[in-house]
Number of protein chains: 2
Amino acid sequence: MAVLDSVDRTLLRLLQNDATMPLAELADAVNLTTTPCWKRLKRLEEDGILRQRVALLDPVKLGIAFTAFVQVKTSNHSQDWFNHFVSTVTEFPEVMEFYRMAGEYDYMMKVQVADMQAFDNMYKKLVASVSDLTNVTSTFAMEPLKYTTALPV
Amino acid sequence: MAVLDSVDRTLLRLLQNDATMPLAELADAVNLTTTPCWKRLKRLEEDGILRQRVALLDPVKLGIAFTAFVQVKTSNHSQDWFNHFVSTVTEFPEVMEFYRMAGEYDYMMKVQVADMQAFDNMYKKLVASVSDLTNVTSTFAMEPLKYTTALPV
DNA sequence: ACTGAAAACAGGCCTGA
DNA sequence: TCAGGCCTGTTTTCAGT
């Protein structure tokens with residue numbers, strides 16, 4: 001867990017909003033010239049703090065704007081079951097997020113699909129591929145109010 | 001909702017994984033020369049399908065690896081309350097996702113913070129800023145198993 | 001010796017034909 | 001598709017602290 005000064009944090013904030021920002025602009029924003037700014041970016045990349053730069057798409061325009069959350073309880077807590085479960089779920093491209101949880105339910109995943117029918121297909125594939133699911137409950141998003149990939153740095 | 005051919009979809013898939021991929025490589029991957037490939041990218045941007053390019057950071061290395069989900073019920077369903085609630089929650093930088101939900105709970109948000117104590121601070125601020133919350137329940141991620149921003153195109 | 005500035009170099013982008 | 005100009009990233013060298 002690295003130690004960052006306020007210049008690093010400003011750079012990260014800017015890049016989290018727009019990864020295409022040219023080096024000269026970034027340097028300007030933190031009152032540096034390009035070379036020292038570039039060295040900071042390289043260091044942040046090498047340290048693995050800057051993981052990757054990705055394109056974000058519009059789910060509405062792509063017709064994949066239906067979001068569901070699936071919560072799962074299991075009766076099987078063996079390592080083998082866990083490995084199989086994790087690799088099965090992870091391979092679904094519709095599964096955007098997946099967590100082992102504390103509390104009532106053992107696992108939760110966020111699923112992004114076209115519509116309720118597409119969700120049901122995915123759901124049926126899931127329960128067919130994994131055994132020992134004692135309880136599976138789904139909730140649905142009616143309206144997305146915020147979605148950001150920018151961590152609070 | 002745009003109509004995309006398989007070349008467009010391949011380009012989107014590649015850019016969702018690595019937005020820094022040079023034009024020449026993208027063109028190569030879809031068996032085009034740079035010019036027609038570049039025109040496709042421009043069109044995808046203009047159509048708003050390619051929304052933005054962002055940097056993704058490592059929450060563990062930044063010490064913000066604690067994920068909580070907060071579910072909320074309200075007794076107040078007026079437009080004014082909704083506006084105030086949404087703007088309040090949206091302004092929290094720790095809130096990464098926020099949905100109006102169908103079912104048992106009216107709203108759900110995903111919160112990303114340093115630790116349980118940071119979560120509790122955020123929680124207290126939230127319930128202090130918003131009235132008429134009849135039920136607020138939090139669940140915690142023990143282990144992230146998958147996180148992707150890449151939509152299944 | 002370290003940090004930052006400036007200038008030269010290289011490479012990718014974008015637009016004509 | 002190709003070729004050219006332009007802009008941006010990258011490297012190196014130099015100066016100041």
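We name chains A, B, ... by the order of the sequence lines, and we start the count at 1 in each one.
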A.B. asks: Suppose the criterion is salt bridge (Lys or Arg N to Asp or Glu O under 4.0 Å): which pairs have a residue in residues 131-149 of chain A, not counting sequence neighbours?
C.D. replies: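 The answer is A:E143-B:R100.
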
A.B. asks: For nucleotides 2-17 of chain D, read 5' to 3', which letter fits each nucleotide if B means a protein heavy atom sits under 4.0 Å from the base, S means only the sugar-phosphate is that close, and - means neither?
C.D. replies: B------SBBB-----

A.B. asks: Would you sort out whether B:F98 and B:F92 count as a ring-ring contact (aromatic ring centres under 6.0 Å, His included), showing the intermediate values?
C.D. replies: CA-CA 11 Å; B:F98 180 30; B:F92 279 98; over 10 Å; no

A.B. asks: Quick one: do the B:Q71 and B:T137 side chains pair a donor with an acceptor below 3.5 Å?
C.D. replies: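 Short answer, no.
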
A.B. asks: Angle class for the A:W81/A:F85 ring planes (parallel below 30°, perpendicular above 60°, tilted otherwise)?
C.D. replies: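 Taking A:F85 first and then A:W81, their aromatic rings lie parallel (interplane angle under 30°).
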
A.B. asks: Please confirm whether the backbone N or O of A:L56 pairs with a side-chain atom of B:Q16, one donor and one acceptor, at under 3.5 Å?
C.D. replies: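 No, the answer is negative, given that no donor and acceptor are paired below the 3.5 Å cut-off.
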
